[in-house]
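Small disclaimer: the values here were computed from a predicted structure and weren't measured.
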Amino acid sequence: MPMKIGEKSFFDRVDDGLQDDFMRNAMASAQDRLRDKKLDATERDEQIGDWEQWRSAGEEIRSHTLENLDYYLDQLSENFAELGGHVYFAKTAEDANHYIQEVAKKKNAKNVTKSKSMVTEEIGLNEALEEVGCRVHETDLAEYILQVDDKDRPSHIVVPSLHKNKEQIRDTFQTKVGYTGTEEPRELTAFARSQLREVFMEADIGVTGCNFAVAESGSISLATNEGNANMVTTYPDTQITVMGMERLVPTWEELDVLINLLSRSAVGQKITTYVTNLTPRVEEECVDAPKEFHLVILDAGRSNALGTEFQSALHCIRCAACVNVCPVYRHIGGHAYGSIYQGPIGAVLSPILGGYEEYGELPFASSLCAACTEACPVKIPLHEQLIKHRENYVNQSMAKTSEKVAMKAFGIGASTPSLFQIAVKGAPTFLKPFVKDGKVTKGPGPMKPWTAIREFPAPGKDNFRSWFKKHQKGRR
């Protein structure tokens with residue numbers, strides 16, 4: 001499955017993350033920095049007014065769009081086609097890749113430039129283009145770093161190379177592309193720019209994702225902080241945009257609201273450095289725009305959420321605000337999720353797109369603290385959807401037999417007073433072999449993952465019920 005990262009099991013990936021001290025520190029530092037910038041741009045910025053009203057407006061726009069998705073997709077595709085663009089609706093990732101491969105073969109394309117795009121990571125587009133003889137060049141700095149480093153994968157929706165430090169980047173550049181400078185960020189950036197300059201000039205096809213599409217005009221909107229997306233959409237004669245089918249707005253008015261929500265929630269800016277709006281109509285004499293424009297509208301499991309309790313998950317505008325407040329992501333990092341989408345939104349979206357068999361454990365990677373729901377600029381009830389995923393996972397008999405037996409036994413014991421009393425009295429004796437200095441350090445069964453990284457207080461011989469009985473007797 002293209003959106004999957006690595007072949008390790010979930011707990012093996014978690015162990016890798018917990019043992020990577022640099023990554024954990026980088027995640028914590030980035031979370032604190034990005035969250036503080038978001039608060040400055042939302043709740044502390046008097047110019048924006050009442051941030052909760054903006055959130056409510058964003059939720060209303062996304063809800064209205066999803067409830068009328070067929071209408072707006074039809075309007076978008078018609079307007080895009082009327083302006084000379086080519087529209088293709090892809091049911092699966094394979095369909096999307098095949099269509100783009102055919103375009104590349106017809107153009108006899110050898111060099112493809114790309115701007116940052118999560119949806120093309122999701123479908124594995126780079127590998128698909130390489131299969132037909134194209135050399136794919138990532139032009140976003142963070143994505144370029146990952147590509148140079150043996151096609152490493154993003155660990156954050158907005159900051160893909162968050163798990164790397166400047167020394168690691170310097171070493172990668174020295175080993176892979178002949179860099180001779182220091183780890184100074186300005187030097188590293190200048191070198192990457194020098195490497196990419198000729199790439200832009202030689203590109204046969206430019207590929208982008210899509211932050212939002214505007215149905216009323218048939219336009220594509222990109223929000224970026226580097227100039228690379230403008231270069232990708234200017235130099236090549238052929239332009240291909242891959243868009244998740246939910247990523248559209250009815251009019252420019254709604255786009256204005258969502259760009260504000262995205263910029264402030266993602267990077268704490270009032271607006272990103274570039275908001276690039278692309279429309280297929282091109283005058284023949286124009287020399288700095290594509291002559292052929294393709295829009296690939298991707299389902300790839302998104303329709304699974306329509307009409308269900310998970311429909312609001314498709315409201316997501318990929319700002320990563322939920323990721324930046326998640327305590328679980330803070331400790332295990334992005335790669336531990338095994339999906340191109342990380343954090344709370346990844347734990348909700350991935351089972352929808354890829355199924356419980358592949359991603360059923362992700363909804364359990366949450367403390368259910370609801371910080372993600374509070375941070376979401378379009379009010380997706382993420383913690384509630386995580387609970388619903390857990391319920392579905394169990395109801396579909398995906399849980400291990402041992403776990404189901406244990407939970408059933410616990411349910412019987414907890415709901416039967418006599419059995420509960422026996423368990424309470426027997427717990428100190430049962431756990432005695434695992435107790436050291438008053439703590440359970442290597443617990444049995446379900447306690448094992450917990451006690452592997454934290455201590456569990458050993459149960460005492462006295463318990464509340466016995467104490468309460470003595471207390472009541474004393475009072476009488």
Side-chain angles (χ1 to χ4, degrees), residues 1 3-35 121 142-143 145-176 183 320 322-347 350-351 354 358-369 371-372 386 400 403 434-437 439-457:
M1 185 173 295
M3 65 183 284
K4 187 169 175 59
I5 296 177
E7 298 300 326
K8 289 186 176 181
S9 70
F10 173 68
F11 283 107
D12 285 339
R13 298 193 304 266
V14 168
D15 287 340
D16 289 345
L18 291 173
Q19 293 168 19
D20 190 337
D21 290 337
F22 165 76
M23 182 277 297
R24 293 177 67 194
N25 289 333
M27 297 299 171
S29 175
Q31 276 192 322
D32 293 341
R33 185 175 65 255
L34 289 169
R35 182 175 180 274
E121 289 276 357
E143 293 282 8
I145 291 167
L146 297 182
Q147 186 178 42
V148 168
D149 193 12
D150 295 324
K151 299 181 181 178
D152 193 5
R153 305 299 295 277
S155 62
H156 189 275
I157 292 171
V158 175
V159 192
S161 59
L162 186 61
H163 55 290
K164 296 184 179 298
N165 63 24
K166 57 187 179 180
E167 288 78 20
Q168 290 173 321
I169 296 168
R170 175 203 61 201
D171 294 344
T172 296
F173 281 8
Q174 286 177 347
T175 304
K176 304 293 184 181
E183 68 277 9
C322 62
V323 180
N324 296 335
V325 296
C326 179
V328 174
Y329 174 88
R330 189 182 187 93
H331 289 287
I332 66 175
H335 288 164
Y337 289 83
S339 166
I340 202 64
Y341 300 116
Q342 316 88 16
I345 188 60
S350 299
E358 202 69 64
Y359 299 108
E361 291 170 311
L362 295 189
F364 296 88
S366 170
S367 64
L368 299 180
C369 63
C372 51
L386 289 169
K400 294 178 181 177
E403 182 182 340
F434 307 97
V435 175
K436 183 178 180 182
D437 299 327
K439 307 285 184 182
V440 178
T441 55
K442 292 183 179 179
M447 291 180 67
K448 190 173 183 181
W450 176 280
T451 55
I453 56 175
R454 56 175 69 80
E455 293 177 333
F456 189 87

Note to self: Taking the basic N atoms (NZ, or NE/NH1/NH2) and the acidic carboxylate oxygens, is any pair closer than 4.0 Å for Asp15 and Lys8?
What the structure shows: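 No.
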
Between Arg170 and Glu183, is the closest basic N to carboxylate O distance under 4.0 Å?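 Yes, this pair counts.
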
Report yes if some heavy atom in the side chain of [X] is under 4.5 Å from a heavy atom in the side chain of [Y]; otherwise report no.
X      : Y      : value
Cys372 : Cys326 : no
Lys4   : Glu358 : yes
Lys176 : Asp150 : yes
Ile340 : Pro154 : yes
Leu146 : Glu121 : no
Ile332 : Leu18  : yes
Tyr337 : Val328 : yes
Lys164 : Ile145 : yes

Quiz item: Do other residues, nucleotides or ligands put more than 12 heavy atoms under 6.0 Å from the CZ atom of Arg35?
Solution: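 No - once you tally the heavy atoms of other residues, nucleotides and ligands closer than 6.0 Å, there are 12 at most.
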
(message) Around atom CZ of Phe22, are there more than 12 heavy atoms from other residues, nucleotides or ligands closer than 6.0 Å?
(response)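 Buried by this count: over 12 neighbours within 6.0 Å.
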
Atom [atom1] of [X] and atom [atom2] of [Y]: how far apart are they, to the nearest 0.5 Å?
X      : Y      : atom1 : atom2 : value
His331 : Arg24  : NE2   : CZ    : 6.0 Å
Asn324 : Arg330 : CG    : CZ    : 10.5 Å
Gln174 : Ile169 : CD    : CD1   : 12.5 Å
Leu362 : Phe10  : CG    : CZ    : 6.0 Å
Glu143 : Lys151 : CD    : NZ    : 13.5 Å
Ser155 : Met23  : OG    : CE    : 8.0 Å

Please confirm whether the backbone N or O of [Y] pairs with a side-chain atom of [X], one donor and one acceptor, at under 3.5 Å?
X      : Y      : answer
Asp149 : Asp152 : no
Gln168 : Asn165 : yes
His335 : Arg153 : yes

Taking all non-hydrogen atoms of both residues, which atom of [X] and which atom of [Y] are closest, and how far apart?
X      : Y      : result
Leu162 : Ala30  : CD1-CB, 3.3 Å
Pro351 : Gly346 : CD-O, 4.0 Å
Pro160 : Ala142 : CD-CB, 3.7 Å
Ile157 : Ala320 : CB-CB, 4.0 Å
Tyr329 : Gln342 : CE1-CB, 4.1 Å

Return yes if a side-chain donor-acceptor contact under 3.5 Å exists between Asp32 and Ser29, otherwise no.
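Not at all, the side chains of Asp32 and Ser29 share no donor-acceptor pair under 3.5 Å.
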
